[in-house]
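Below is one structure, written out as C-alpha cells, with a few remarks after it.
Labels below follow one simple rule: chain letters A, B, ... track the order of the sequence lines, proteins then strands, and each chain is numbered from 1.
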Amino acid sequence: MLDLTFETPKPKVFAGAKHDWELVIGMEVHAQISSQAKLFSGASTKFGAEPNANVAFVDAAMPGMLPVINDFCVEQAVRTGLGLNAEINLKSAFDRKNYFYPDLPQGYQISQLYEPIVGEGEVLVELGGGKARLVRIERIHIEQDAGKSIHDMDPHMSFVDLNRTGVALMEIVSRPDIRGPEEAAAYVTKLRQILRYLGTCDGNMQNGNLRADVNVSICRHGQYEKYQETQDFSHLGTRCEIKNMNSMRFIQAAIDYEARRQIAIVEAGGSVDQETRLYDPDKNETRSMRSKEEAHDYRYFPCPDLMPLEIEQAWVDDIEASLPELPDAKKVRFMHDFGLTDYDASILTAEVVNAAYFEKVMGTASDGKLAANWVINELFGRLKKDECDIVDSPISPAQLAGIVALIKSDAISGKIAKDLFEIIYTEGGDPAEIVEKRGMKQVTDTGAIEAAVDAIIAANPEQVEKAKQNPKLAGWFVGQVMKATGGKANPKSVNQLVAAKLGL
Amino acid sequence: MSDLTKLTVAQARDALRKGETTSLELSDACLTAIEGAGALNAFVHNTPELARDQAKDADARLQAREAPALCGIPMGIKDLFCTKGVPSQAASNILGGFTPEYESTVSQQLFDAGAVMLGKLNMDEFAMGSSNETSCYGNAVNPWRRAGDDTPLTPGGSSGGSASAVAADLCLAATGTDTGGSIRQPAAFVGITGIKPTYGRCSRWGIVAFASSLDQAGPMTKDVRDAAIVLQAMCGHDPKDSTSADLAVPDFEAALTGDIRGKVIGIPREYRMDGMPDEIEALWSRGREMLQDAGAQIRDISLPHTKYALPAYYVIAPAEASSNLARYDGVRYGHRASLAAGEGITEMYEKTRAEGFGLEVQRRVMIGTYVLSAGFYDAYYNRARRVRTLIKKDFEDVFATGVDAILTPATPSAAFGLGEMTDADPVQMYLNDVFTVTVNLAGLPGVAIPAGLDAQGLPLGLQLIGRPWEEGDLLNTAYALEQAVGFVAKPSKWW
C-alpha cells in the first residue's frame with residue numbers, strides 16, 4: 001500500500017504594525033450524534049417537528065423524572081473515538097453542569113467533565129501541496145443539547161422550544177495544535193468527513209448539527225515551540241473563545257478578525273482579556289459576550305441519577321471490527337489501486353457516497369484516471385446542475401463504466417461520449433447498444449476517412465495553397481472532415497491524414 | 001366489624017379475603033377517620049372518589065378470588081410521590097397547582113397490588129426538615145401527647161403526615177421517603193414501624209427528588225409484618241431509574257420466623273453520644289438484652305467515622321438538592337411570580353424562587369450552591385464524598401466480621417414540641433438525624449420500631465441496620481425484637 005508522507009506546514013504569519021505574529025487555535029466541536037432518540041429520554045430527534053412536539057417528561061424536567069442512557073448514543077461516541085484513533089475509556093461518568101436558562105429545563109446539562117468516554121486521539125488535516133497538520137484530540141465527551149429560546153416572536157414574551165433539549169451531542173475537544181484560519185476550517189472539514197463516514201453525525205452545519213467553539217490566541221515566533229516542549233500554556237497568549245460557529249467561512253473570517261483584534265491590542269501596549277466572544281457575520285467582527293469575571297460557575301458535580309458508564313472491551317472490539325474504511329485509507333487505496341492523482345482521489349473520497357459510486361464504476365472500468373474524470377467533471381457537474389444527490393443519480397455506475405469503456409476502446413470520441421452521457425442521463429439505456437443503434441460509433445476506417453479528406457482537398461484548391469504557406473490552416477480541413485463525417489471520424493486519424501495529404 | 005381502621009394490613013388482608021369486611025367499608029371508615037382528624041393535618045389532599053373507585057375494583061377482585069397482595073388496603077401516599085391527576089406538591093408553594101400526568105413507579109406498584117389511595121400526606125417541604133414544620137400546608141401534628149400536657153408535638157419529619165396518619169389509624173399504612181432519616185425518625189416519634197430499604201431497592205422514578213444519591217422510599221406501618229408486606233409491593237427493579245437495582249425481591253413476609261438464634265448483633269460504641277438522655281440509653285440496653293434473650297449474640301463494634309456523618313450529610317444532601325431544585329424556575333409549571341414592567345428572566349427566577357420556596361429549602365439550596373462553588377468544591381463536596389466512602393467502609397468492615405445487624409437508638413430524644421426548635425440553631429434540628437444519616441450515606445437498609453415509652457408517655461424507637469439487600473433478614477430481626485418488646489400503646493384520641 002502506498003504510504004503518504006506529509007510535510008508539517010508553517011504557521012500562518014500575521015504582520016502587525018511592529019512584529020510578525022502567529023496564531024494558536026484549539027477547537028471544541030459539538031457534533032449531534034446521529035440517533036433516532038434523545039440521549040436520556042427516548043423522545044424523537046427528528047428535525048423540523050412542530051415546536052415542543054418531541055418532548056418527553058424527562059426533557060421538560062417534570063418533577064421526579066429520571067434520565068436513562070441511550071446505549072446507541074454511547075456506541076456512536078465509541079465509534080467516533082475509534083475513528084479518530086482515540087483511547088476508549090471503559091469507565092466514564094456523567095456530571096451536571098449547573099446554570100439557569102429557560103431552554104435548559106433541568107437547570108443543569110448532563111455532561112462528562114471529570115471522566116469522558118473518549119481520551120486522546122488525532123486527526124490528520126491535509127492542507128494541499130503535500131502538507132498536513134496532525135491535530136491532537138484531547139477528549140470526546142457525551143452531553144445533552146439545550147433547547148431553543150425564541151425572543152423575536154412577541155414584543156413582550158419569549159418562547160421556548162424544547163425539541164432539541166436532551167438531544168445527544170459529542171463534544172470533540174482538540175489540543176491547541178491549529179495554526180491558522182484555513183487550517184481551522186480544514187480541521188472541521190476533515191472531522192466532519194470522518195464523522196459522516198462513520199455515520200455518527202450527519203454534519204449538517206446549517207441545522208446546527210455541527211458547531212464549533214474556537215479558542216484563539218496570538219504569540220510571537222518561537223513561543224509555540226516552547227509550549228510544545230513544556231506543555232506550559234504560559235508561553236502562549238491569553239485566549240478568547242468564539243462561540244457557536246456553524247459555517248466554515250465564518251470560522252475562517254472570525255479567526256482572521258480575532259487575530260487582528262488581539263494583535264492591535266497587544267501592539268498598542270494593552271493586554272487581551274480572557275473572555276467569550278460571538279462572531280457577527282453581518283459586520284464581520286467578534287464581540288464580547290461575557291468576561292472571565294462574568295463567567296458562570298457551573299458547579300459541576302457527578303450526576304447522582306446515573307451510575308458510572310461501564311462498557312466492555314469486547315463490545316468496543318466489536319464496534320472496531322465494524323468500522324468502515326475511513327477517508328485517509330480510502331484515498332490512499334484509490335491512488336494505489338486506480339492510479340488516481342492525490343487531487344482526484346481527495347475529491348472522490350470527500351463524501352463516502354461519492355467514493356462508493358466511483359468504486360462501483362471501477363468494478364468494470366479499467367482506466368481509473370479516465371473514469372475519475374468522467375465522474376468528477378461530467379457526472380458531478382450534471383448532478384449539481386440538477387441539484388440531484390448522487391444516490392439518486394439517473395446514470396448508474398455500470399452505465400458510466402460502459403461509457404468510459406467505449407471511450408477507452410476508441411469506439412466513440414470524447415465529444416460523442418458527452419452526447420451519449422446526456423442521452424443516458426435523460427433517457428437511460430445501455431451505452432453500447434445506444435452507440436450501435438444510433439450509429440454513434442467512431443469511424444476509424446482510414447479508407448473512409450481518406451476519401452473524405454480527398455474530397456475536401458479536391459473541392460478547395462485555394463485553401464490548399466494557403467495551408468501549404470501556413471500549416472496552421474490545416475485545422476480548417478480537419479473541421480471540414482469532421483463535419484462531413486458527422487463527428488464520428490477518429491480525430492487523431494483525421495489529423496494525421498490531413499497533414500499527410502497536404503504534405504505538411 | 002368495629003374499629004376497622006385499627007386493623008393492621010395483615011389483619012385487614014385476612015378479613016377481606018374471608019369476606020368479613022369489604023374494601024369499600026374499610027376505605028369509608030378511613031375516609032371518615034380522616035375527616036374527623038383535621039386537627040392532625042396529616043392529609044393535605046383527600047381523594048375519596050378515587051379511593052371508592054379503587055375500593056370497588058378491589059372488592060370485585062376479592063369476590064373473584066383474584067386478589068393481589070394489598071387488594072383493598074387503604075393507604076396514604078406522601079405528597080413527594082407524583083400521583084397521576086392528583087395534586088403533588090412536595091408540600092411546597094413552588095409546585096402550587098401542579099398535577100402530574102404520570103404515576104410514580106412506587107405508587108403504581110402499590111395500585112397494581114390492589115392498594116387504595118385515600119389521599120396525599122403532609123411532609124416537610126421537599127422532604128427537608130425533621131419536624132414537619134417546613135410544610136407549605138402547616139405542620140402535621142403528632143397524635144401522641146405528653147402525659148397531662150396538651151402541648152402539640154411534632155410527628156417528626158419529613159414523613160410526618162405519614163407517621164401521624166398511621167399512628168392515628170387514619171389509614172392502614174403509608175408511604176414515606178427517607179433521605180437522612182425521614183421515615184425512621186417520624187416512625188419512632190409516633191410509635192410505628194418504618195423501614196428504609198437498601199438504596200436502589202425502590203424506584204425513585206416519579207418521586208420528587210431531594211438528594212438523589214440518598215433518597216429511598218419505604219413503608220410506614222403499624223407493625224413489622226405490615227412493613228414486610230407493603231415493602232414487598234413497593235420495591236423491585238425499574239428500568240426507568242438507572243440507580244434501581246436489577247435484583248430479585250425475596251419474600252419478606254416469609255422471612256419473618258422470629259428465630260434469630262445465632263445472629264450477631266453489633267452495638268456501635270460511637271452511637272453513645274454525649275448528653276444522650278438516660279432514657280434513650282436505657283432503651284438501647286433493654287433492646288440489646290431482648291435480642292440476646294432471643295438467642296442473638298451481642299458484639300460491641302466500632303464505626304469509627306460516625307462523627308463525620310452528619311456534617312458530610314449536610315454537605316452532600318444540600319449539594320444535590322441545590323441542583324435538583326433548579327428546575328423549579330416558574331418557566332414550565334408550578335408557581336410563577338408576577339413581574340413588574342421592565343423585569344426579565346433573572347427577576348422571574350429570583351422572585352419565583354423567593355416566593356415559592358420556604359426558608360429551610362432556601363437555606364439548603366444556598367448551602368448546596370456554596371459547597372459546589374469553584375474554590376470550595378474540594379474543601380466541602382469532595383471531602384464529604386471521601387467521608388461517605390469511609391462511612392460505607394466502616395459498615396462493610398463490620399459486616400465482614402460476621403455481624404448480621406446493628407442496633408442503635410432511632411432518635412436522640414422523644415418527639416419535641418412544635419415550635420420548640422423554631423428559633424434554635426438549625427444544627428439543633430439537624431441533630432435529629434444523627435443516628436439515621438449514616439445508613440443513607442452507606443446505602444444500607446434501616447428499620448425503626450417502637451421499643452417503649454419515656455417517662456412522659458411518649459414512644460421511643462430503636463433502629464436496626466442491616467446488610468445491603470438483606471431486608472428480609474433485617475425485618476426478621478426487627479420482628480423478633482418487636483415480639484420481645486410487646487409494644488401495644490396507642491395515643492389517646494384527642495383530635
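For Pro239(B), the part sitting under 4.5 Å from any heavy atom of chain A is the backbone (N, CA, C, O) and nothing else. Proximity to chain A (any heavy atom under 4.5 Å) is shown, for Leu214(B), by neither the backbone nor the side chain. Only the side chain of Ile345(B) comes within contact range of chain A, with heavy atoms under 4.5 Å apart. For a residue to count as touching a neighbouring chain, one of its non-hydrogen atoms must lie under 4.5 Å from one of that chain's; by this rule Tyr99(A) does not touch chain B. Looking at Phe81(B), there are no atoms closer than 4.5 Å to chain A (heavy atoms on both sides), in backbone or side chain. Within the 4.5 angstrom heavy-atom criterion, only side-chain atoms of Phe57(A), from C-beta onward, approach chain B. The parts of Arg204(B) that come within reach of chain A are both its backbone and its side chain, each placing non-hydrogen atoms under 4.5 angstrom from that chain.
Across Gly206(B), Gly344(B), Ala211(B), Ala209(B), the residue that shares the most heavy-atom pairs under 4.5 angstrom with chain A is Gly206(B). Here Ser373(B) is the residue among Ser373(B), Ser104(B), Ala319(B) with the most heavy-atom pairs under 4.5 Å with chain A. Ranking Asp215(B), Val208(B), Asn324(B) against chain A, the residue ahead of the rest is Asn324(B), based on heavy-atom pairs under 4.5 Å. Highest contact tally toward chain A, considering only Tyr333(B), Tyr328(B), Tyr381(B), Phe376(B), is held by Tyr333(B) [criterion: heavy-atom pairs under 4.5 Å]. Contacts with chain B were tallied for Cys303(A), Pro102(A), Ser158(A); Pro102(A) has the most, counting heavy-atom pairs under 4.5 Å. Contact count versus chain A (heavy atoms, under 4.5 Å) is highest, among Ala326(B), Ser323(B), Gly368(B), for Ser323(B).
Arg299(A) places no side-chain N or O within donor-acceptor distance of the main-chain N or O of Thr369(B), the cut-off being under 3.5 Å. For the pair Asp297(A) (side chain) and Ala374(B) (backbone), a donor-acceptor distance under 3.5 Å is present. Using a distance-only test at 3.5 Å, with no hydrogens or angles considered, a donor-acceptor pair links the side chain of Arg327(B) to the main chain of Met62(A).
The CD1 atom of Ile207(B) sits 10.0 Å away from atom CE of Met65(A), with the distance rounded to the nearest 0.5 Å.
The side-chain heavy atoms of Phe94(A) and Ser242(B), taken from C-beta on, include no pair separated by under 4.5 Å. By the 4.5 Å heavy-atom criterion applied to side chains, Pro302(A) and Arg385(B) are counted as neighbours. You'll find the side chain of Met307(A) reaches within 4.5 Å of the side chain of Thr243(B), heavy atoms only. Side-chain contact between Pro63(A) and Tyr102(B): present, with at least one pair of heavy atoms (C-beta onward) separated by less than 4.5 Å.
Within 6.0 Å of CD in Glu50(A) there are 12 or fewer heavy atoms belonging to other residues, nucleotides or ligands.
Tyr114(A) and Tyr377(B) have parallel rings, their planes meeting at less than 30° on a 0 to 90° scale where 60° marks the start of perpendicular.
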